[in-house]
Colleague: 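The structure that follows is given in the form of structure tokens.
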Amino acid sequence: MALDPIHVGTGGTRLGRVDNTIVRDPVTRIPKIPGSSIAGVMRAYTAMAKGKYPKCAGLGQPERNGAGGHCGKADCPVCTVFGFAKGIGTYGGFAGLAAFSDMHVLLFPVASQLGPQWITCPMALRQTSIAEFSELDDLLEQQVVYRKADGTANQPSLNLGWLFLPVKTDWQPLSEIDQKIEELGIPGYIIGRLAVVSDKLFTHIVNSNLEVRTSVAIDPATGAAEEGALFTYEALPRSTVLFWEVTCRNPKHFKINQGDVKAVDSPEKVRDVVADAYSYLEHLGIGGMGSRGMGRLRVLATKELAGADKPGKEVS
Amino acid sequence: MTWTALRWVWRLEAPLFVGMPPAGALNRCRPYVPARVLWGAVTAEISRSGNGEGFPGYGKLGGELALNCRFTYLFPAEKRGDKFLAWMPKFEKMRGHQWYCNGGKESLSDRDFRRRLLDSRPGTAIASESDSASEGTLRETECINPWWRDSNCKGETNAILLLGYVFLRNNRFRRQLDDIDTLFIGGDTRYGLGKICRVGWHEVSGGSFVFGQRVCLDGEHPEIESDIVWGHVLEGDQTQIDGIQGVKEFLGGWDWGKPWRGKIAWVPGSFLNHPVAWSIDQNGYWVDKEKKL
């Protein structure tokens, strides 16, 4: 869950829109955080947690004289879990035991006349790989918001940002969704304000309700805004709930320089090494604009997927 | 019948990167999955699942798999109604590569097809000492996107599927293949790329057609009778492919931890004026059946 707004930028600017845009899925247009961004910060924070920073963090390429770079040892928890390269012209690199999927928006907070509502859609739920959601069809009625039947449900309509939508409470899968989402460790105050919209509407609601900030450089000579230095940037708002998978490979199926992996001996241990970095994620964050109060994330829960313990299967 | 043919269809659960020579800072992606990539992924999966907590015998099993299984390339496909329709390349004079849906009339130029299929992800390494972008590391990785862009302009977001065939000698490895429902293929899997889930797995029966072409399953190797090749054809190995037209590329790779020297090859979609019976060799390359494998 985002504790601050999160800005993982595309590195480009767009005329007529926000200057610094965030990464989106190219087809659904829903913002996401690439797996490479997560893998990078998790490596750096794991290196901090294990006392291997900065040598085993970052790109880890050795200097021209061969000094520095990732240690690449079979007993290094950072190099075994996150991998290492030996540099151009040399062999013996290792791809790493943990793989990070893209982070997808699962629940998105939107202002309404009833206070904040957390919105999701069947497509976002399907992406969680939770078996019960795998065959979830899109909603039949596309222009409706589905909520639980509670005290506020007699409200016939609800605004989600600028959209004003009729409310319905007769969508059967909602109670199961509530239950499964609760198992993910998501706080009750979010589950109590959960609503589901169609896949199409979800894209519009998310993109219309991103946090957009405006900044300008101040000219120290005048104390006023510097000419031409105004810019805007967007971010996923605070309390957005994101979902991602960490695939942990069995160290016994791999070798480093023909020797066994010594730092970890099971997929669970790989997961534990990754989990050591979660507290750093909560304080140091991910993405850009960290000095402007952006980027912190709290990992609410880790849940193994059903079937992940089958022989040969990797723990997620 | 020596060989059993099965058709499998996979759905992309994450972007997929199958590398080819880069263009500057752009790591380009192939719009299909070569058989050798599949062989590697299947070898890894079967070795690990069959070996519990021990170190898998990748080399031995890989050799057995290559001997007893032959893979076609996986080509992008989409589901329309209850049918899986594959997009296949064909080189045409004056037009270059065209992509045809299910061998029908619906076609797209290579440029349009790649636009519908591919997306790119920019990235940079962060220098740990400065916590800012590391100098000279900006690059872009082209990927097959999990969703078709402008799905036929009908406004629906259609999942990208990958369709291909497997041939099994005397049905060996059938049980192991039955058990595979998820694979990680291609590059950058550590960044979540390359996860595919199987959505279709059917034995090809009756007339035995593969990509719409007749296939013979009785010989030493499965043979596909086709005037278009839907795999790489290595040049220099074969004497009877005079008249083939298409695009050539230098094909290299890795073999047991060492770079494979590589060869000039005709790319998928290259064609002849007459049908030829093609065999698929242990690396997934298409070989004229007259050549001894």
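Order of the sequence lines sets the chain letters (A, B, ...), proteins ahead of strands, with each chain counted from 1. Everything quoted here is computed from the prediction, not taken from an experiment.
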Colleague: Quick check on A:Asp25 against chain B: is it the side chain, the backbone, both or neither that has a heavy atom closer than 4.5 Å?
Modeller: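 It is the side chain, since no backbone atom gets that close.
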
Colleague: Which bit of B:Pro15 is near chain A, if near means a heavy-atom gap under 4.5 Å: side chain, backbone, both or neither?
Modeller: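 B:Pro15 touches chain A through side-chain heavy atoms alone.
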
Colleague: Among A:Gly35, A:Pro34, A:Ser36, who wins on heavy-atom pairs under 4.5 Å with chain B?
Modeller: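 Heavy-atom pair counts peak at A:Ser36.
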
Colleague: Please look at A:Ala44 and chain B and tell me whether the side chain, the backbone, both or neither of the residue comes under 4.5 angstrom of a heavy atom of that chain.
Modeller: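 Neither part.
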
Colleague: Are B:Arg198 and B:Asp181 close enough for a salt bridge, meaning some N to O gap below 4.0 Å?
Modeller: no

Colleague: What residues form a side-chain hydrogen bond (donor to acceptor under 3.5 Å, both in side chains) with B:Thr124, not counting sequence neighbours?
Modeller: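 side-chain hydrogen bond (donor to acceptor under 3.5 Å, both in side chains) check on B:Thr124 returns B:Thr137.
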
Colleague: In terms of relative ring orientation, are B:Trp148 and B:Trp87 parallel, tilted or perpendicular, with 30° and 60° separating the classes?
Modeller: tilted

Colleague: Please verify the inter-ring angle class for B:Trp201 with B:Trp8; under 30° counts as parallel, over 60° as perpendicular, anything in between as tilted.
Modeller: tilted

Colleague: Does B:Asp119 have any side-chain hydrogen bond (donor to acceptor under 3.5 Å, both in side chains) partners at least two apart in sequence or in another chain, and if so, which?
Modeller: none

Colleague: Go through the atoms of A:Lys55 and report whether side chain, backbone, both or neither lie under 4.5 Å from a heavy atom of chain B.
Modeller: neither

Colleague: Heavy-atom distance under 4.5 Å to chain B: side chain of A:Tyr53, backbone, both or neither?
Modeller: side chain

